[in-house]
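The structure appears right after this line, and notes come after that.
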Amino acid sequence: MSDQNPYGDHHLYGSSAPQDPQARKPAPPAYQPTLPAMPGYGVPLRGPEPVAQGQGWQHGGGSQQYGPGATLLTIGDIAVTETGIMTPAGLLPLRGAVWTVSDMSRTESKTPTYAIVLAVVFALACLLGLLFLLIKDDVTTGFAQVTVNSGGKYHAVLIPVRGPQDIYAITQQVNYARSLSA
């Protein structure tokens, strides 16, 4: 067996030369470049400081932290805590947040397949089988869009809707978030 293993595993091919230059692993470079942190991802340990009334924008360190606290409400990928709003776009201040909800769903009334089959079968026997065509099912498809705008950041989430009760529940959650933001 005179074939050399190009992958450097000499035990399988019977080579006893561990000093083979092809088997050596190259040393990593002395400098490893790193990428800067992507803004807007993750939860920062400290966020922007709240603005005291009449003082304008405060820059620099302070004593109040916006870190994640107890989650009071979750709407899609938006989590509302005691002191802030956590989104994939970053941590937003809770005070003064503007919430909107848009119903982008539609409800259609359709005749189900079993009603059509029963109408055809019983229409041959008697004309009363056509009454099966009066059976209707309501099918709701679409999304509810919830947006939040606070601290110069904006985030929107689409939540799938299966019925009118889902729109009502999402609207009630947004109303509770509005009351926390006031």
Side-chain angles (χ1 to χ4, degrees), residues 35-53 56-57 64-182:
L35 296 174
M38 297 295 289
Y41 290 96
V43 179
L45 295 177
R46 289 180 51 112
E49 296 297 320
V51 177
Q53 264 188 336
W57 172 255
Q64 185 175 2
Q65 292 186 353
Y66 277 150
T71 301
L72 303 175
L73 175 69
T74 302
I75 305 171
D77 60 357
I78 301 172
V80 180
T81 64
E82 298 168 342
T83 58
I85 303 166
M86 291 188 297
T87 67
L91 191 64
L92 286 68
L94 183 60
R95 286 276 183 215
V98 178
W99 295 86
T100 59
V101 61
S102 302
D103 181 8
M104 298 190 298
S105 66
R106 65 177 193 204
T107 302
E108 298 174 347
S109 182
K110 294 183 177 182
T111 303
T113 307
Y114 71 88
I116 295 172
V117 171
L118 289 173
V120 170
V121 169
F122 286 107
L124 300 176
C126 63
L127 293 178
L128 292 177
L130 295 177
L131 292 176
F132 285 110
L133 293 176
L134 296 176
I135 299 174
K136 300 289 182 189
D137 283 341
D138 290 336
V139 178
T140 302
T141 57
F143 296 92
Q145 181 183 24
V146 177
T147 62
V148 60
N149 189 0
S150 179
K153 293 183 181 178
Y154 170 85
H155 182 69
V157 62
L158 292 174
I159 302 170
V161 175
R162 293 173 299 218
Q165 69 277 3
D166 290 347
I167 294 292
Y168 178 76
I170 292 168
T171 303
Q172 292 303 316
Q173 287 180 327
V174 170
N175 286 338
Y176 178 59
R178 285 177 183 151
S179 69
L180 293 173
S181 298

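- Rounding to the nearest 0.5 Å places CG of Asp166 at 10.5 Å from OG1 of Thr171.
- Looking at heavy atoms from C-beta onward, Tyr114 lies in side-chain contact with Ile135 at the 4.5 angstrom threshold.
- With rounding to the nearest 0.5 Å, the separation of CG in Leu131 from CG in Leu118 is 12.0 Å.
- Within 6.0 Å of CZ on Arg162 lie no more than 12 heavy atoms contributed by other residues, nucleotides or ligands.
- Here the side chain of Ser150 pairs no donor or acceptor atom with the backbone of Leu94 at under 3.5 angstrom.
- Atom CG of residue Asn175 and atom CD1 of residue Ile170 lie 12.0 Å apart, to the nearest 0.5 angstrom.
- Listed here is the closest heavy atom pair of Ala97 and Ile85: CB-CD1, 3.6 Å.
- Leu72 and Tyr176 get closest at one heavy-atom pair: O-CE2, 4.3 Å.
- Rounding to the nearest 0.5 Å places CD1 of Ile159 at 10.0 Å from CD of Gln145.
- The minimum heavy-atom distance between Tyr154 and Ala89, with the atom names listed, is O-CB, 4.2 Å.
- We find the CG-CZ distance between Leu130 and Phe122 to be 12.0 Å, quoted to the nearest 0.5 Å.
- Met86 pairs with exactly one of Leu91, Val80, Asp77, Ile78 by the side chain to side chain contact (heavy atoms under 4.5 Å, CB included) rule, that one being Leu91.
- Crowding of Lys136 atom NZ: a count of heavy atoms from other residues, nucleotides or ligands under 6.0 Å exceeding 12.
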- Task: Could you walk me through whether Lys153 and Thr87 pass the side-chain contact (heavy atoms from CB on, under 4.5 Å) test, one step at a time?
- Result: CA-CA 10 Å; Lys153 293 183 181 178; Thr87 67; over 6 Å; no
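- Of all heavy-atom pairs between Thr140 and Pro164, the closest is OG1-CD, 4.0 Å.
- In this structure, Leu133 and Ala115 approach most closely via the heavy-atom pair CD2-O, 4.5 Å.
- When all heavy atoms of Gly76 and Val157 are compared, the closest pair comes out as CA-CG2, 4.1 Å.
- Annotation: the span from Thr83 atom OG1 to Arg95 atom CZ amounts to 11.0 Å, rounded to 0.5 Å.
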